[in-house]
Structure formats: C-alpha cells, structure tokens
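First the structure, in the form of structure tokens, and then the observations on it.
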Amino acid sequence: MVTEMERGLRGDSHAMVKMLITYVDNLPTGNEQGLFYALDLGGTNFRVLRVQLGGKEKRVVQQQYEEVSIPPHLMVGTSMELFDFIASALSKFVDTEGDDFHLPEGRQRELGFTFSFPVSQTSISSGTLIKWTKGFSINDAVGEDVVSELGKAMERQGLDMKITALVNDTVGTLAGGRYADNSVVAAIILGTGTNAAYVENANAIPKWTGLLPRSGNMVINTEWGSFKSDKLPLSEFDKAMDFESLNPGEQIYEKLISGMYLGEIVRRILLKLAHDAALFGDVVPSKLEQPFVLRTPDMSAMHHDSSHDLKTVGAKLKDIVGVPDTSLEVRYITSHICDIVAERAARLAAAGIYGVLKKLGRDKMPKDGSKMPRTVIALDGGLYEHYKKFSSCLESTLTDLLGDDVSSSVVTKLANDGSGIGAALLAASHSQYAEID
C-alpha cells in the first residue's frame, strides 16, 4: 500500500492508488466565524446544510440541514435538469434562513460542495467529472466542471452564492474531524464504498508543480478502493464476484472490505455449500441464486445474534433465502461464514490504515526517544458505525500491527456525518473573505 501511495504521489500513471491532489491546504482551525452553507451530493439523496460558526469560543453556534431525494429519472437525464433540481432545493432552503443565522452586510453567501464521484480537481473550487457511479448516468456532465454546472444552475434560480470549496466526502470528514480534534491526521470512510484522505507534507508530493502552499501541507484523496496487489487474499468467491461486476478488475480492495460487497460474498459461499454440500437440503433455494439478495446489514444482524438458538439467523435465512426451517447446525455455519468474511474485511481495512500511518511515519516510536505524538483517525460510514464486530476487530488488529507502545497514542474516532459539516468548514477556511478577517 505504501509503495503504491508513493507511486501515486510521483504521478505514475500505473499506480494502483491515485493519490489525488485536493487543493485543500488549509484545514479548519476552530477560528472560523460566520454563516456558511454546504451541499453534500453522494448518492440518491443529497443534503443541504447551513452552519453559524462562532470562532474558538463558541464553535458551532447553530446548524440546520435538510435531506432531499433525487427522483430516479433525474439520475439518467441531463446535467441541466439535475443541477436545476439541486439548485432549486438549495434556494428554497436559503429562504428558510432564520434570525439565528447572520450574514455580514455586503457579503455573499458561500458554499462547500461535497461531490462524491470521481473528479479531476484543478483547484479548490473546480473539478471535471471523470465518470458517474452509484446508479447515475448523465452523459453530458462527464468532462464538465461540476462547480460551473452548479453555479450556472444557481444563477438560473437567482441565488447569489459562491462555491468556495469542492471536496469529496472523505476530505469533508477529515475537515470535520480536524475541527473537532486538532490531532486528526487522516479520515477513512467505511460504508457502502471505502476511501481514505490524509494530510501530506507538500514537499513529499513530487507531482505537485505549483507554488508550495503557505501551510506546507496538502490533503491527499488516496482513492484507495482501487488498490490491488498479489498480496491481497482473493478467494474463488471474490474472483467470481469481481468477474461478474460492473467494473471487473477495478476497486479490488473496496470489493474485499466495503459494505456493498460483504453480504454478497457471504451469499456466494452459502450458494456453493447449498450446491456442493446440500446445506439447505436437496433443493438449492432459488432466492439464493440472486446476486446481492443478501445485504451487509442482514449479515451484520446474523453475526451479532447471540441467542442460544440463533433465532435471528434463522429468521433472516427464512426471509432472504426462503428456507422456512433451518437446523441449528446450518445457523451456526452461516454465522461462522459471516464471522470469517467480516474479520477478513476488518483486518484488511486495519492494514490499510496502518499503511497510511506508516507513510506518515507514525507507525513507530520516534528515534530520538521523544514522546509519540497523539494521532487521531476520523472514521465515518455505516459499516464502521453500525457493524460492531467489524469495528472492534478493525481496532484490535490496528493495535496488533502498531504494538502496545505506539497504539497507546493512536485513536480511532467516529466522525458521524463529518462530510456535511466538513464541507461548510472548508468553505469557511477557503473563504474569499478569509484575508479580511
């Protein structure tokens, strides 16, 4: 992982980990003041948020948000239709701004835009869409600057607002995490997909060609989900799932550790046992043949079943697989499979985090005998937040990898919905008025 990260930072086009420069060189310090908006677009819903910041003393004085569902036809329509819909919702949200929020006289409202699709970023507030994922397919938006598209839509709505920061959800989580705790050095998303962002020394980025940022730092969006290596333990089930996926040969690390795929790996193992060992009797349940019928939340529920007769496991197999009566042995086998798949995913995720710490030189005690600096990793995503056996295995594995001395100063911290507030904070730290204050 570290080798691939270094290749990515050199700009090697064959690097498995892209190490995208985010142009975020100022993370929030806690001094930010004023009213800022955020728009978080990462899937079938988007969220609009406003926050009133009160500097070091008062921090977040007030915040409000609203979630909006995107109608399915807009996910495959035109760029103009999608961005007009988003700008219209944003405009209505601005109209509900109450007396608790104060925009100083003569200032324009500013927005942080979290856009969680692959983008080639060209500055802190511009980036062209490389491709859509997550069920979106709007061809005329590919290759266009998403900030410009949203900006034009806001103008059509008569909304006077400047987009000062374009970020992805991992970078937003890093900013939100740093605002809450100054020792945060990296953010990891472990949800439907997975990604990592961290603070790199600008001198350690050979592909950076511009002036070095004044802060001396640059946030790197690793896009680590695309990591692959012959060191990754791929089973026949992983290979078959990858082969039949929409993107064969891509996102291999993500397919081993993220919430979109873990339930599907369990399904494939159960299916093989149904065929080869008559796990569910003489007939293979037809429902079990359906890809992705078993979701990771179902797997988590089965895995956490501690009842003596594994009642939840039995109920899930009945509902999902359509087998009304399962023996206790079949339930135990199912639970054991969940355990193996989740543990492998958690241990691989921990190894990735260890790679980031190794890249930062925070994987061992300082040579000069000085105290190890406190190191905090902000984590977000449903897999980490809700799948307790996954998160506790990840944490214990990280401790094993680091050893007792180092791990005592490394903290993993849930940064729930870091990305929304993080985008507003990045709008503040990159505000057009930052120099004035």
Side-chain angles (χ1 to χ4, degrees), residues 1-12 14-22 168-171 173-174 177 183-191 193-201 203-207 217-234 238 250-258 261 343-366 372-381 383-384 390-391 393-413 415:
M1 177 73 89
V2 176
T3 305
E4 288 301 323
M5 288 171 77
E6 284 169 346
R7 282 179 70 191
L9 289 174
R10 286 199 300 273
D12 182 334
H14 299 297
M16 297 295 173
V17 184
K18 292 295 175 220
M19 305 298 280
L20 304 176
I21 291 170
T22 62
N168 81 346
D169 53 352
T170 321
V171 176
T173 300
L174 178 59
S183 301
V184 168
V185 297
I188 315 291
I189 303 269
L190 287 161
T194 182
N195 196 8
Y198 74 103
V199 186
E200 182 58 274
N201 185 317
N203 286 317
I205 311 172
K207 68 179 175 183
N217 293 323
M218 179 61 70
V219 173
I220 296 292
N221 164 21
T222 65
E223 291 293 336
W224 79 358
S226 60
F227 174 62
K228 61 178 163 186
S229 156
D230 54 10
K231 305 279 191 297
L232 287 172
L234 291 174
D238 303 305
E250 292 179 28
Q251 302 297 105
I252 298 298
Y253 185 55
E254 181 166 83
K255 285 170 180 165
L256 294 175
I257 68 172
S258 78
Y261 301 101
E343 184 175 316
R344 180 187 70 163
R347 290 174 76 82
L348 284 170
I353 295 171
Y354 178 66
V356 173
L357 292 174
K358 199 174 173 66
K359 176 72 187 72
L360 288 170
R362 301 223 180 185
D363 60 321
K364 46 185 175 292
M365 297 300 284
M372 177 81 185
R374 183 167 172 272
T375 299
V376 182
I377 312 285
L379 286 122
D380 196 11
L383 185 64
Y384 179 79
F390 174 94
S391 51
C393 177
L394 179 148
E395 284 154 14
S396 62
T397 304
L398 194 55
T399 301
D400 292 347
L401 289 167
L402 291 166
D404 291 341
D405 285 354
V406 176
S407 66
S408 64
S409 41
V410 174
V411 183
T412 50
K413 217 172 173 181

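Keep in mind that this is a model prediction, so the values were computed, not measured.
- Judged by distance alone, with hydrogens and angles left aside, the side-chain atoms of T173 form no donor-acceptor pair with the main-chain N or O of A187 at under 3.5 Å.
- Of all heavy-atom pairs spanning A196 and T222, the tightest one is O-OG1, 2.7 Å.
- For T170 (side chain) and N168 (main-chain N/O), no donor-acceptor pair under 3.5 Å exists by modelled atom type.
- A heavy-atom distance below 4.5 Å is not found between the side chains of S229 and I252.
- When only modelled atom types and interatomic distance are considered, Y261 and Q251 share no side-chain donor-acceptor pair under 3.5 Å.
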Practice problem: Go through V356 and W224 one step at a time and tell me if the side chain to side chain contact (heavy atoms under 4.5 Å, CB included) criterion holds. | Solution: CA-CA 10 Å; V356 173; W224 79 358; 4.1 Å; yes

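- Judged by distance alone, with hydrogens and angles left aside, the side-chain atoms of E223 form no donor-acceptor pair with the main-chain N or O of K18 at under 3.5 Å.
- Contact check for Y198 versus I220: side-chain heavy atoms found under the 4.5 Å cut-off.
- Looking at heavy atoms from C-beta onward, V410 lies out of side-chain contact with V376 at the 4.5 angstrom threshold.
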Exercise. Quick one: do V411 and I377 satisfy side chain to side chain contact (heavy atoms under 4.5 Å, CB included)? Show the steps, please.
Key: CA-CA 6 Å; V411 183; I377 312 285; over 6 Å; no

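- Using modelled atom types, one finds no donor on one side chain facing an acceptor on the other under 3.5 Å when comparing N217 with N201.
- Closest heavy-atom contact between L401 and A351: CD1-CA, 3.9 Å.
- Using modelled atom types and a 3.5 Å distance limit, the side chains of R374 and S409 yield no donor-acceptor pair.
- The two residues F390 and Y384 come nearest to each other via the heavy atoms CD2-CA, 4.5 Å.
- Between R10 and P206, the shortest heavy-atom distance links the atoms CG-CG, 3.9 Å.
- Taking the side chain as every heavy atom from C-beta outward, Y253 and K228 never approach each other to under 4.5 Å.
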Quiz prompt | Criterion side chain to side chain contact (heavy atoms under 4.5 Å, CB included) on M19 and D12, from CA distance to verdict | solution = CA-CA 10 Å; M19 305 298 280; D12 182 334; over 6 Å; no

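- No donor-acceptor pair closer than 3.5 Å links the side chain of S183 to the backbone N or O of T375.
- Put simply, the side chain of M1 does not reach to within 4.5 Å of the side chain of Y354, judged on heavy atoms.
- Judged by distance alone, with hydrogens and angles left aside, the side-chain atoms of S258 form no donor-acceptor pair with the main-chain N or O of K255 at under 3.5 Å.
- Put simply, the residue from D169, T22, N195 that forms a side-chain hydrogen bond (donor to acceptor under 3.5 Å, both in side chains) with N221 is N195.
- Considering all non-hydrogen atoms of both residues, M5 and G355 come closest at SD-O, 4.4 Å.
- In this structure, K413 does not pair ionically with D380, as no charged nitrogen and carboxylate oxygen lie closer than 4.0 Å.
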Exercise. Check the pair M365 / V406 against side chain to side chain contact (heavy atoms under 4.5 Å, CB included), numbers first and verdict last.
Key: CA-CA 6 Å; M365 297 300 284; V406 176; 3.9 Å; yes

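- At a threshold of 4.5 Å between non-hydrogen side-chain atoms, the residues V219 and E200 do not count as touching.
- Summarising the geometry of A204 relative to K359, their closest heavy-atom pair is CB-NZ, 4.5 Å, with the distance given to 0.1 Å.
- Side chains of R7 and V2 form no contact here, defined as non-hydrogen atoms less than 4.5 Å apart.
- Listed for the K207 side chain is a donor-acceptor partner under 3.5 Å among the backbone atoms of G8.
- The shortest distance between side-chain heavy atoms of I353 and L379 falls below 4.5 Å.
- Between the side chain of T194 and the main chain of L190, no donor-acceptor pair closer than 3.5 Å is present.
- Within the model, atoms CZ of R347 and CG of L398 stand 11.5 Å from one another, a figure rounded to the nearest 0.5 Å.
- Rounded to the nearest 0.5 angstrom, L232 CG and R344 CZ are separated by 9.0 Å.
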